[in-house]
2 protein chains.
Amino acid sequence: MIKVVIITSMESLQQRLERKGLRVSIQRLKILQYLDQHRVHPTVDDIYGALKKEMPSISKTTIYNTLDVLHKAGLVSCLTISPKEVRFDAEPKAHPHFFCLKCNRVLDLEEVICPHIKSHVDGNIVEEVHLYFKGICKKCKGGE
Amino acid sequence: MIKVVIITSMESLQQRLERKGLRVSIQRLKILQYLDQHRVHPTVDDIYGALKKEMPSISKTTIYNTLDVLHKAGLVSCLTISPKEVRFDAEPKAHPHFFCLKCNRVLDLEEVICPHIKSHVDGNIVEEVHLYFKGICKKCKGGE
DNA sequence: TTTCGTGCAAAGCATTTGCAAGTAG
DNA sequence: CTACTTGCAAATGCTTTGCACGAAA
């Protein structure tokens, strides 16, 4: 079997938590790991459904709590794109997304402009930059 | 520098509806008018609360239905920025916003880049462009 | 008469909160 | 011991749905 492993940072997941002064729990590690290995901007429910298989006792509240902690620590980014639910991304660096109105997927786009846009908001303190498009993705455009 | 530019069309509200082939009802006119005159990206509840004063029988369902119709017709734009609720804008042209994490207001930023960004999403069909920032606004930055 | 618009009541569902039990420091 | 973490159950609140009545074409 071929397993695709995405190596983003040289830092271990545990080190990422410790560096931010966060306690390392199995739940936090698993959630961070899941996000790191599933770069499809999963929802809370996606994460919950997947982790429940190996950790049947995990609760949705913990997913919410943990994602909140990770987001505040700057370890994950939080996407308010699909109107129904929040989605998460292990890549905390700002980059553009594409939301398909047909299949509801959130795709990553090549990072091009995000870092350069900030200059237009002087006067306000910018903590996050969000750029995304809505429309029909390549895949859905093809087949009906 | 932040410049707020309100582009109000010469077209009457009724004409806007008719041009899109929509029936003209008092509810649709009032909702469109409210958005046109209150450029603060109100939520459904804001609109409901305001219109209920002069139209006590109006229902939230109608606000939802109408905004959906107006959005699909391209008469208003729909902002998925604040994670809790959707906000609406009578200006359907894409322009950047700033969401203040402290006072929860959504501010308009000067339109600068939005029209030029589209080139980066080749392959996907773009229907909407969304660019916004999150942080602390000028006003909140000042006084605690 | 047939289709569309309105609005009430109820349902749906993502997210939050309160709290009790467990765990790390 | 004290502060943090987990997770269950219940509550919250935005949004949608089903449906009946009324209005427009």
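Residue numbering restarts at 1 for every chain, and letters A, B, ... go by the order of the sequence lines. Since we're looking at a predicted model, the values are computed, not measured.
Around CZ of R19(B), the count of heavy atoms belonging to other residues, nucleotides or ligands within 6.0 Å exceeds 12. Counting non-hydrogen atoms of neighbouring residues, nucleotides and ligands closer than 6.0 angstrom, the NZ atom of K72(B) reaches no more than 12 such neighbours.
The shortest distance between the side-chain N/O atoms of Y64(B) and the OP1/OP2 oxygens of dT16(D) is not below 4.0 Å.
V69(B) comes within contact range of no nucleotide atom at all, as no heavy-atom separation falls under 4.0 Å. Heavy atoms of S57(B) sit under 4.0 angstrom from primed sugar atoms or phosphate atoms, though from no base atom. Residue contacts for T62(A): at a heavy-atom cut-off of 4.0 Å it reaches a base atom on one of the strands shown. Within 4.0 Å of T61(A), counting heavy atoms only, lies at least one base atom of the nucleic acid.
The distance from atom CE of M55(B) to atom OG1 of T62(B), rounded to the nearest 0.5 Å, is 8.5 Å. Rounding to the nearest 0.5 Å places CG of L75(B) at 12.5 Å from CD1 of I31(B).
Closest to the side chain of S25(A), out of dG25(C), dT15(C), dT6(D), is dT6(D). In the set dG7(D), dT15(C), dG7(C), the nucleotide with an atom closest to the side chain of N65(A) is dG7(D).
Nearest-nucleotide assignment on DNA chain D puts the 5′-proximal partner with V44(B), out of V44(B) and R23(B). DNA chain C is contacted by both P56(B) and P83(B); P56(B) maps to the nucleotide lying nearer its 5′ end (nearest heavy atom per residue).
Spacing between atom CG of L67(A) and atom C1' of dT5(D) amounts to 15 Å, rounded to whole angstrom units. The CG-P distance, from L17(A) to dT5(D), rounds to 11 Å in whole Å. Per the geometry, CZ belonging to R28(B) stands 12 Å off P belonging to dA24(D), to the nearest Å. Going from atom CD1 of I63(A) over to atom C1' of dT6(D) covers 11 Å, rounded to whole Å. Put simply, CD on Q27(A) is 11 Å from P on dT23(C), counting in whole angstrom units. The interatomic distance linking L70(A) (CG) with dT5(D) (C1') rounds to 13 Å, in whole Å. Distance CD1 (I58(B)) to C1' (dC8(C)): 14 Å, rounded to an integer number of Å. Remark: P of dT15(C) and OH of Y48(A) are 14 Å apart, rounded to the nearest angstrom.
The only member of R87(B), K134(B), H41(B), R105(B) that meets side chain to side chain donor-acceptor pair (under 3.5 Å) when paired with S82(B) is R87(B).
Judged by distance alone, with hydrogens and angles left aside, S59(A) brings no side-chain donor or acceptor close enough to the base of dC8(D) to form a pair under 3.5 Å.
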